[in-house]
Trainee: 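I'd like to ask you about the structure that follows.
Numbers for residues simply follow the sequence, beginning at 1. As a basis for the values below, the full set of heavy atoms in this structure was taken, side chains included, without hydrogen atoms, waters or symmetry mates.
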Amino acid sequence: MPVLSPTSSSSSFVFTCFFIILFVTINSYNPVAITTKAKRPPRQLSVNYYAKSCPQVEQLVGSITSQQFKEIPVSAPATIRLFFHDCFVEVMQIIFNYLSVLTSACMQAHGCDASILIATQPGSKILAEKDAADNRDLRTEGFDTITRAKALVESKCPGIVSCADILAIAARDFIHLAGGPYYVVKKGRWDGKISMASRVPNNLPHANSTVDQLIKLFSSKGLTIQDLVVLSGAHTIGFAHCKNFVDRLYNYKGTKQADPAIDPRLLKALKMSCPQVGGNADIVAPFDVTTPFVFDHAYYTNLQSKLGLLASDEGLFLDPRTKPLVQSFGLDKAKFFLAFSAAMEKMGSIGVKRGRRHGEKRKACSIHM
């Protein structure tokens, strides 16, 4: 069965998947086989995946990330955000362990697979992930970093290293370059073949998401409440456009008043930069108003001082389920760094693809093979 590309029909893909599943289930259903067949072990990533085929891959990517960080510092939060957005978006999640290989294309087609990097094909009516409304603010510096790193890796190890692994390595590099923890990146991801803008909105956290909504979203990815609070700490660097928090300043939850959970001084400063109407759409504000360019644990102390930029950020301190974690990480940077490293490895394993049946190794990250 051909794999769906951005030029294919979304609805026909879904219909085809369900038809195949129904057909195979009806014609091969065997209760004994279902209960006795050994469960396939999860696909494993490895730190030494390229030890023989491209042992210098981390150094190659590192030469690009270090140069980008020095020349264009915004490349750091841009690339980290790119990795988050890539890992969280899913296309379909249908689990039938006993179905035949015919259904493999209908299995989990999501996760850390570099599908965020695929460009919409000219003339296509189906937009790729990067062109979804929620992704239009992704800065070009993140994409440029991966493009440069991929070109260098291809010149030394042609056809070996996936775009997905390069993105994971680059995100780690920038976290460390900005002052955050260094952690080993397990590799072995293949690039996804599917990229659809229509699957983005329900799979990403939003600026006004409630803690309930965030917990539900993270849980759907196999991530815990602690993972939610830890990974939100990536907002210790980076910026957000006014449109993401302007309602907090002027009309919080329809009250025509500012959100009371904003420090008055921060509120005044944000209003100066972001008027209610007619403002510059390109204006941004830092997530972390105290150390916006340093990866540290100030994000958590800021939340406790009503200095969170987004409603979804500040909500983590206001909710009793997440407040203790915010307080704990605010007190102990080493604890946050350790937890963040573990959570990044966990998130980086979402929806891993291995082998040509499930993925590909793109020569150019923006072009589906």
Side-chain angles (χ1 to χ4, degrees), residues 2-8 45 49-50 53-68 71-72 75-76 78-87 89 91 105 109-132 135-136 138-174 185 187-197 199-200 348 351-369:
V3 176
L4 182 70
S5 69
T7 57
S8 304
L45 301 177
Y49 184 79
Y50 298 110
S53 58
C54 189
Q56 70 271 44
V57 60
E58 299 232 10
Q59 289 74 22
L60 293 172
V61 176
S63 68
I64 299 297
T65 52
S66 60
Q67 182 181 5
Q68 289 284 102
E71 297 177 358
I72 315 174
S75 298
T79 305
I80 296 167
R81 187 181 180 200
L82 198 60
F83 184 55
F84 274 70
H85 281 227
D86 183 47
C87 290
V89 173
V91 172
H110 70 289
C112 307
D113 61 359
S115 55
I116 186 68
L117 304 176
I118 296 177
T120 301
Q121 296 182 14
S124 173
K125 295 181 180 180
I126 305 298
L127 297 178
E129 284 177 35
K130 67 181 296 185
D131 292 318
N135 285 331
R136 287 175 188 159
L138 292 174
R139 296 188 63 98
T140 59
E141 290 85 355
F143 293 97
D144 293 344
T145 295
I146 304 307
T147 297
R148 292 187 60 196
K150 176 63 172 176
L152 180 59
V153 171
E154 281 293 308
S155 71
K156 304 296 183 180
C157 310
I160 300 297
V161 184
S162 68
C163 299
D165 278 342
I166 290 174
L167 178 54
I169 295 169
R172 185 277 316 277
D173 285 355
F174 280 126
V185 174
K187 298 167 282 289
R189 302 166 187 81
W190 285 54
D191 299 327
K193 301 179 182 181
I194 303 171
S195 183
M196 297 169 61
R199 306 310 300 172
V200 172
V352 168
K353 296 172 183 63
R354 297 289 297 276
R356 298 189 183 281
R357 195 175 72 185
H358 302 281
E360 61 185 4
K361 298 279 185 75
R362 293 199 290 275
K363 294 181 179 179
C365 295
S366 63
I367 303 173
H368 168 52
M369 294 172 61

Trainee: Which atom pair, heavy atoms only, marks the closest approach of L45 to G348?
Mentor: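 Looks like CD1-O, 4.0 Å.
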Trainee: Within 45° of the ring axis of F143 and under 6.0 Å from its six-membered ring centre, is that where the NZ or CZ of K130 lies?
Mentor: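 Yes.
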Trainee: Enumerate the residue pairs fulfilling salt bridge (charged side-chain N to carboxylate O under 4.0 Å, His left out) with a member in residues 158-169, sequence neighbours excluded, ordered by first and then second residue.
Mentor: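 Pairs touching residues 158-169 that pass the test: D165-R189.
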Trainee: For V89 versus H85, what's the shortest heavy-atom pair and its separation?
Mentor: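 Reported closest heavy-atom pair: CG2-O, 3.3 Å.
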Trainee: Side chain of T65, backbone of F174: donor and acceptor closer than 3.5 Å?
Mentor: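 Pair absent, no side-chain N/O of T65 close to backbone of F174.
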Trainee: In sequence, state the C-alpha distance, the side-chain angles, and the governing distance for D113 and D86, and then conclude on side-chain contact (heavy atoms from CB on, under 4.5 Å).
Mentor: CA-CA 7 Å; D113 61 359; D86 183 47; 3.4 Å; yes
Trainee: Write down the atom of A170, the atom of I146, and the distance for their closest heavy-atom approach.
Mentor: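 Minimum heavy-atom separation between A170 and I146: CB-CD1, 3.8 Å.
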Trainee: Does the S63 side chain pair with the main chain of L60, one donor and one acceptor, at a distance under 3.5 Å?
Mentor: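 Yes.
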Trainee: Enter the distance from T145:OG1 to Q67:CD here, rounded to the nearest 0.5 Å.
Mentor: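 It comes to 10.0 Å.
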Trainee: With distance as the sole test, does K193 use its side chain to make a donor-acceptor pair with the main-chain N or O of D191 at under 3.5 Å?
Mentor: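 The answer is no, because no donor-acceptor pair under 3.5 Å joins these two groups.
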Trainee: If every non-hydrogen atom of P55 is compared with every non-hydrogen atom of S53, which pair is closest and at what distance?
Mentor: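 That would be CD-C, 3.9 Å.
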Trainee: Applying side-chain contact (heavy atoms from CB on, under 4.5 Å), run through S366 and L117 and close with a yes or a no.
Mentor: CA-CA 5 Å; S366 63; L117 304 176; 5.7 Å; no
Trainee: Please check if the side chain of S195 supplies one atom and the backbone of A128 the other of a donor-acceptor pair under 3.5 Å.
Mentor: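 Answer holds: no.
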Trainee: Should the heavy atoms of other residues, nucleotides or ligands under 6.0 Å from CZ of R139 be counted, would the total exceed 12?
Mentor: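 For R139, atom CZ is not crowded (no more than 12 foreign heavy atoms under 6.0 Å).
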Trainee: For a quick test of your reading: what N or O donor-acceptor pairs under 3.5 Å do the side chains of residues 151-160 make, sequence neighbours left out?
Mentor:
unit_1: E154; atom_1: OE1; unit_2: G159; atom_2: N; d: 3.2
unit_1: E154; atom_1: OE2; unit_2: K150; atom_2: NZ; d: 2.9
unit_1: E154; atom_1: OE2; unit_2: G159; atom_2: N; d: 3.3
unit_1: S155; atom_1: OG; unit_2: L152; atom_2: O; d: 2.5

Trainee: Once rounded to the nearest 0.5 Å, what's the spacing between atom OH of Y50 and atom OG of S162?
Mentor: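 Going from the OH atom of Y50 to the OG atom of S162 covers 4.0 Å.
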Trainee: Rounded to the nearest 0.5 Å, what's the gap from CD on Q121 to CD1 on I126? Could you check?
Mentor: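 Those atoms lie 11.0 Å apart.
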Trainee: For the pair S124 (side chain) and T120 (backbone), establish whether a donor and an acceptor sit closer than 3.5 Å, ignoring hydrogens and angles.
Mentor: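 The answer is no, because no donor-acceptor pair under 3.5 Å joins these two groups.
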Trainee: What are the two closest non-hydrogen atoms of A164 and C112, and how far apart are they?
Mentor: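 Taking A164 first and C112 second, the nearest heavy atoms are CB-O, 3.7 Å.
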Trainee: Atom CD1 of I72 and atom OG1 of T140: how far apart are they, to the nearest 0.5 Å?
Mentor: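 It comes to 8.0 Å.
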Trainee: Look at the side chain of R136 and the backbone N and O of D131, then say whether any donor-acceptor pair between them is shorter than 3.5 Å.
Mentor: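 Indeed, once roles are kept as given, a pair shorter than 3.5 Å links the two residues.
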Trainee: Got R199 and E129 here, is their nearest side-chain heavy-atom distance under 4.5 Å?
Mentor: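 Answer no - side chains too far apart.
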Trainee: Test your reading of the model: is there a side-chain donor-acceptor pair from R362 to the backbone of A114, 3.5 Å cut-off?
Mentor: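 Answer holds: yes.
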Trainee: Is any side-chain heavy atom of I118 closer than 4.5 Å to one of I367?
Mentor: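 No, their side chains stay 4.5 Å or more apart.
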Trainee: Should T79 and L167 count as side-chain neighbours, where that means a heavy-atom distance under 4.5 Å?
Mentor: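 In contact.
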Trainee: Of all the heavy-atom pairs spanning I80 and A171, show the shortest one and how long it is.
Mentor: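 Result for this residue pair: CG1-O, 3.9 Å.
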